[in-house]
Amino acid sequence: MKRQFTITTPIFYVNGAPHIGHAYTSIACDVIARFHRLDGNDVLFVSGTDEHGQKVEQSAKAQNVPPQDFADRISQSFRQMQKDMAVQTDEFIRTTEARHKKAAQTLWEKVAENGHIYLDAYEGWYSTRDEMFVGEDEITKHPDGSRTAPSGAPLEWVREPSYFFRLSDFQDRLLKLYEENPDFIGPHGPKREVVSFVKQGLRDLSISRTSFRWGVEVPGDPDHVMYVWFDALANYLTAVGYPDMKDPRNICWPADVHVVGKEIIRFHCVYWPAFLMAAGLPLPKRVFAHGWWTVEGEKMSKSLGNVLDPKALADEFGLDQLRFFLMREVPFGGDSNFSRRSLITRMNVELANDLGNLAQRTLSQVARNLKGVLPERGTLTEDDTRILAQATLLPSLTRNHIERLAISDALEDIWKLIREANAYIDRQAPWALKKEDPARMADVLRVLVDVIRTIATLLQPYMPDTMEKMLDQLGVEKDERHIAALETLLPGGRTLPKPQGLFPRFVEEDKQA
RNA sequence: GGCGGUGUAGCUCAGUGGUAGAGCAGGGGAAUCAUAAUCCCUUGGUCGGCGGUUCAAAUCCGUCCACCGCUACCA
């Protein structure tokens with residue numbers, strides 16, 4: 001049954017070049033989006049960049065360029081990264097675009113109209129040198145009564161006018177939301193953190209700043225710009241045409257899932273639903289937090305110099321190989337470690353040996369022993385029926401996993417069938433049947449082609465380029481590659497192209513000192 | 001400090017009351033269609049420690065230890 005499916009990546013903050021973490025979250029969303037398209041659904045896949053805030057203003061100043069130029073450059077690098085990773089978004093929202101400012105300001109006006117915003121003052125210890133407020137627990141108190149920030153900068157008590165959002169009014173409604181929609185936040189760990197955070201009591205949220213200018217102006221009070229998160233979160237509405245209620249993309253709201261990094265879970269699970277409730281808008285159905293990558297066991301950081309560039313990795317190992325590894329290595333939602341060794345192991349064992357070799361050994365026999373012509377489905381033995389049944393079941397198993405955002409579990413099930421197919425070909429030994437019973441040999445090879453077709457079809461979201469080639473080799477036409485098409489058998493008699501290895505083994509170059 | 005997470009085979013992890021699991025790595029064998037790939041069999045764990053509940057606990061409760069994350073207004 002066809003349905004509308006809307007998915008978003010986190011909105012990327014433009015204070016640095018994209019790294020493997022940004023690629024990971026983009027690819028994960030892309031796999032889910034592609035799977036839904038393959039399954040016949042209408043998909044809106046949204047990504048974008050968050051370009052306002054003091055940090056951007058400062059970074060631009062440090063480079064002596066206007067903030068917009070700075071943001072343009074970094075935003076472009078994120079777009080390029082997604083292109084390099086074969087991530088196909090439908091919308092890319094930049095928070096500096098006019099359409100977005102309009103959406104954010106309209107959202108603000110709605111929330112204000114409904115009485116959830118008031119003007120007061122934000123007070124706290126402020127470091128002029130760092131241009132930031134410092135929390136009570138980060139402050140060092142000195143014997144003479146003075147206070148300093150972690151940076152050592154002196155602090156002064158500052159009172160700054162600020163608009164506040166009545167977040168405290170939403171505590172009960174938020175708890176009710178989590179309770180009535182157990183899947184609203186995933187996975188369980190972050191969910192408990194959010195729930196206990198809300199249960200501890202919510203304070204009203206300061207949602208405007210006067211200390212810098214690089215932001216969306218607060219409607220009716222040009223001295224203030226919006227707190228970046230009020231601005232940034234609104235991008236999800238911008239993507240569906242808000243506030244134009246006649247925009248055809250309106251039907252894409254509410255989003256089915258916001259995929260986010262675990263560090264921004266609170267903004268999406270607490271502030272965002274509260275803003276939407278305050279504006280009287282429908283809430284997203286789900287927020288899902290994924291974990292972080294470490295690199296060779298260490299935290300990725302600029303100072304360690306181990307920040308991974310996704311483009312360089314794709315160039316060295318292959319884009320589909322990289323996509324596969326990122327999706328396979330870790331249960332979506334958990335933290336994981338990136339190491340060359342485990343990437344190479346997975347490439348060689350799972351891609352080259354298990355899958356690539358399965359296709360190659362099957363197709364080379366079709367090419368050599370059947371003159372490359374796909375045979376008709378023959379009389380099925382018990383063994384044939386069993387593996388075909390497993391293949392028939394696979395689409396719904398995979399669909400269920402994707403529905404739960406269990407991206408790696410789906411691969412696990414697909415690989416179970418791949419291993420089973422390798423066992424099947426050994427049991428049936430079509431190379432031995434060649435002389436004894438050529439008709440049976442053709443039947444066995446046909447069963448294998450059908451099984452591999454199912455596998456390749458379902459792997460398209462993960463490895464779009466290579467699976468396209470595999471389906472070409474299997475003689476599957478372009479319009480026979482969606483999930484529903486698996487229910488129709490390929491007609492026999494097609495001539496298959498000459499098979500070629502798709503996943504070469506990766507041999508590490510000798511490292512010379 | 002508070003809240004939360006993790007701790008299961010050499011490695012990465014699955015397993016929420018009923019005789020310890022998968023993949024990789026290791027060992028033995030088979031096969032030779034294929035990218036020296038594949039298949040079969042197999043070694044290996046007092047499920048972080050201690051205590052408790054139960055006929056029965058990796059699984060529930062308590063406590064301790066180790067590591068990690070969050071602790072709102074700089075995303």
Side-chain angles (χ1 to χ4, degrees), chain A residues 10-15 50 52-56 58 122 124 127 130-135 137-138 160 162 164-165 167 187-200 202-209 211-212 227-233 260-267 270-271 291-292 294 299 328-331 334-337 339 341-342 345-346 348-369 408-409 412 415-416 419 421-434 441 444-445 448 499-505:
Chain A
I11 189 163
F12 303 114
Y13 198 61
V14 293
N15 68 339
D50 176 13
H52 289 127
Q54 190 168 28
K55 224 177 218 173
V56 173
Q58 284 168 349
Y122 181 76
S127 159
D130 303 323
E131 295 188 56
M132 64 189 250
F133 283 94
V134 178
D137 50 349
E138 293 175 295
E160 177 187 310
S162 169
F164 281 80
F165 173 71
L167 185 62
H188 290 296
K191 176 180 176 174
R192 288 190 194 133
E193 265 178 38
V194 169
V195 172
S196 65
F197 171 78
V198 174
K199 277 188 178 157
Q200 280 165 37
L202 295 171
R203 304 204 291 268
D204 287 350
L205 185 68
S206 164
I207 51 165
S208 77
R209 299 286 185 276
S211 52
F212 61 95
Y227 170 48
V228 281
W229 276 109
F230 191 96
D231 162 9
L233 288 163
V260 299
K262 65 182 182 183
E263 78 286 4
I264 55 174
I265 189 89
R266 183 186 316 125
F267 303 102
V270 181
Y271 302 167
W292 289 108
T294 54
K299 210 167 187 171
R328 180 73 178 93
E329 182 69 1
V330 61
D335 284 344
S336 40
N337 180 48
S339 78
R341 206 179 126 233
S342 51
T345 299
R346 287 212 184 268
N348 287 345
V349 173
E350 297 183 340
L351 293 180
N353 298 356
D354 289 346
L355 174 59
N357 188 49
L358 171 66
Q360 185 67 13
R361 67 199 300 209
T362 300
L363 290 170
S364 66
Q365 289 180 81
V366 172
R368 185 149 16 78
N369 301 336
S408 56
D409 288 357
E412 181 59 37
W415 251 260
K416 276 183 188 150
R419 290 187 205 108
N422 272 316
Y424 169 86
I425 195 172
D426 269 45
R427 276 198 305 272
Q428 297 300 328
W431 50 89
L433 292 167
K434 185 180 166 188
M441 176 199 71
V444 168
L445 292 175
L448 283 161
Q500 281 183 316
L502 293 173
F503 293 110
R505 286 181 64 80

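In what follows, chains are A, B, ... by sequence order, proteins preceding strands, each numbered from 1.
Nucleotides of RNA chain B nearest to A:R341 and A:K55 differ in position, and the one nearer the 5' end is that of A:R341. Positionally, the nearest nucleotide of RNA chain B for A:F197 lies more toward the 5' end than for the other of A:F197 and A:V56.
Closest non-hydrogen pair, A:R328 versus A:S408, comes out as O-CB, 4.0 Å. What you find for A:L358 and A:L448 is that their closest heavy atoms are CD1-CD2, 4.4 Å. When every heavy atom of A:I265 is checked against every heavy atom of A:V260, the shortest pair comes out as CD1-CG2, 4.2 Å. Across all their heavy atoms, A:Y271 and A:L167 have their closest contact at CE2-CD2, 3.7 Å. The heavy-atom pair separating A:I264 from A:P10 by the smallest distance is CD1-CB, 3.9 Å. Counting all heavy atoms, side chain and backbone alike, A:W431 lies closest to A:I425 at CH2-O, 3.5 Å.
What separates CG of A:D426 from P of B:rA34 is a distance of 13 Å, to the nearest Å. The nearest whole Å value for the distance from the CD1 atom in A:I265 to the C1' atom in B:rA72 is 15 Å. Residue A:K262 contributes atom NZ, which lies 6 Å from atom C1' of B:rG69 at whole-angstrom precision. Rounded to whole angstrom, the span from the NZ atom of A:K434 across to the P atom of B:rA34 amounts to 9 Å. Between the P atom of B:rC33 and the CZ atom of A:R427 lies a distance of 19 Å, rounded to the nearest Å. What separates CG of A:D50 from C1' of B:rA75 is a distance of 7 Å, to the nearest Å. Counting to the nearest Å, the P atom of B:rA37 and the CG atom of A:L502 are 18 Å from each other. B:rG69 atom P lies 16 Å from atom CZ of A:R266, rounded to whole Å.
The residue A:F267 sits close only to the backbone: its heavy atoms come under 4.0 Å of sugar-phosphate atoms, none of a base. Among the atoms of the strands shown, base atoms are found under 4.0 Å from some heavy atom of A:R505. Among the atoms of the strands shown, only primed sugar atoms or phosphate atoms (P, OP1, OP2) are found under 4.0 Å from some heavy atom of A:R419. Within the 4.0 angstrom heavy-atom criterion, only backbone atoms of the sugar-phosphate kind lie near A:S364; the bases stay farther away.
If you check distances only, the side chain of A:N15 does reach the base of B:rA75 with a donor-acceptor pair under 3.5 Å. No donor-acceptor contact under 3.5 Å links the side chain of A:N353 to the base of B:rA37.
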Seminar exercise, completed: Pairing string of RNA chain B (Watson-Crick or G-U wobble, both atom distances under 3.5 Å; | = paired to other strand) is ((((((((.[[[[.)..(..]]]].(((((.......))))).....[[[[[..)....]]]]])))))))....

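Of the possible polar contacts, none joining the A:W229 side chain to the A:F267 backbone as a donor-acceptor pair under 3.5 Å is found.
Using atom P as the reference point in both B:rU12 and B:rA75, the two lie 36 Å apart (nearest Å). Comparing the C1' positions of B:rU6 and B:rG49 gives a spacing of 16 Å, expressed to the nearest Å. Nucleotides B:rG51 and B:rA56 are separated by 16 Å at their P atoms, to the nearest Å. The P atoms of B:rG5 and B:rC60 are separated by 11 Å, rounded to the nearest whole Å. Comparing B:rU43 with B:rG10, their C1' atoms sit 12 Å apart, to the nearest whole Å. Comparing B:rA58 with B:rC74, their P atoms sit 49 Å apart, to the nearest whole Å. Look at the C1' atom in both B:rG15 and B:rC47: the space between them is 10 Å, to the nearest Å. When the C1' atom is compared between B:rG48 and B:rG7, the two are found 6 Å apart, to the nearest whole Å.
For A:E263, the CD atom counts as densely surrounded, since its 6.0 Å shell holds more than 12 non-hydrogen atoms of other residues, nucleotides or ligands.
Taking a cutoff of 4.0 Å between a charged side-chain nitrogen and a carboxylate oxygen, A:D50 and A:K55 do not qualify as a salt bridge.
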